[in-house]
Amino acid sequence: VQLVESGGGLVQPGGSLTLSCAASGIIFSTSTMAWYRQAPGKQRELVAVITSGGSTNYATSVKGRFTISRDNAKKSVYLQMNSLKAEDTAVYYCSGPRSSWGQGTQVTVSS
């Protein structure tokens, strides 16, 4: 299983970013996929999850601001992040089946 994230970077408060995660080595269309994040000194936390059927769930802290989506043809999952806040600063990880993880992508929200 290989998960490769991209799209992180530095953004001002109130700005937007879209993260992407490309998967290989799995039957993507039947896999539940998720985004996690880990801020310095904090535990890794679930941000959003999307099932094979497209059902989604979000952490309370990001509900209404973040949107998780998937493209089965491209074997990719996305995280659209709007109205970003300083507290969204973290390394964001893509997660898939069999406890697979990507390498992470840094998101920094700062003026």
Judged by atom type as modelled, is there a donor-acceptor pair below 3.5 Å linking the side chain of [X] to the main-chain atoms of [Y]?
{"X": "Arg37", "Y": "Val91", "answer": "no"}
{"X": "Asn72", "Y": "Lys75", "answer": "no"}
{"X": "Ser31", "Y": "Gly96", "answer": "no"}
{"X": "Gln103", "Y": "Glu5", "answer": "yes"}
{"X": "Tyr93", "Y": "Gln38", "answer": "no"}
{"X": "Arg44", "Y": "Ala39", "answer": "no"}

So OG of Ser20 and CG of Asp71: to nearest 0.5 Å the spacing works out to 10.5 Å
Partners meeting ring-ring contact (aromatic ring centres under 6.0 Å, His included) with Tyr36 (sequence neighbours left out): Trp101
Nearest non-hydrogen partners of Leu84 and Arg65, listed with the distance: CA-NH1, 3.9 Å
Nearest heavy-atom neighbours spanning Thr67 and Tyr58: CA-OH, 3.4 Å
Within-4.5 Å side-chain heavy-atom neighbours: Leu19 and Thr105: yes
Disulfide (SG to SG under 2.5 Å): which pairs involve residues 13-91, sequence neighbours left out? Cys21-Cys94
Checking side-chain polar atoms at under 3.5 Å, does Ser16 have a donor or acceptor matched by the opposite partner on Asn82? yes
Decide yes or no on side-chain hydrogen bond (donor to acceptor under 3.5 Å, both in side chains) for Ser111 and Gln12, but give the supporting numbers first. CA-CA 5 Å; Ser111 55; Gln12 291 187 343; over 6 Å; no
Residue pair Leu17, Val107: steps toward the side-chain contact (heavy atoms from CB on, under 4.5 Å) verdict: CA-CA 9 Å; Leu17 276 178; Val107 172; 3.9 Å; yes
I'd like to know whether CD1 of Ile27 has more than 12 heavy-atom contacts from other residues, nucleotides or ligands below 6.0 angstrom. no
Counting heavy atoms not belonging to Gln43, are there more than 12 under 6.0 Å from its CD? no
Please report the C-alpha distance between Arg70 and Tyr78 in whole Å, then the side-chain angles of each, then the deciding distance to 0.1 Å, and finally whether the side-chain contact (heavy atoms from CB on, under 4.5 Å) criterion is met. CA-CA 6 Å; Arg70 64 190 298 153; Tyr78 308 97; 5.8 Å; no
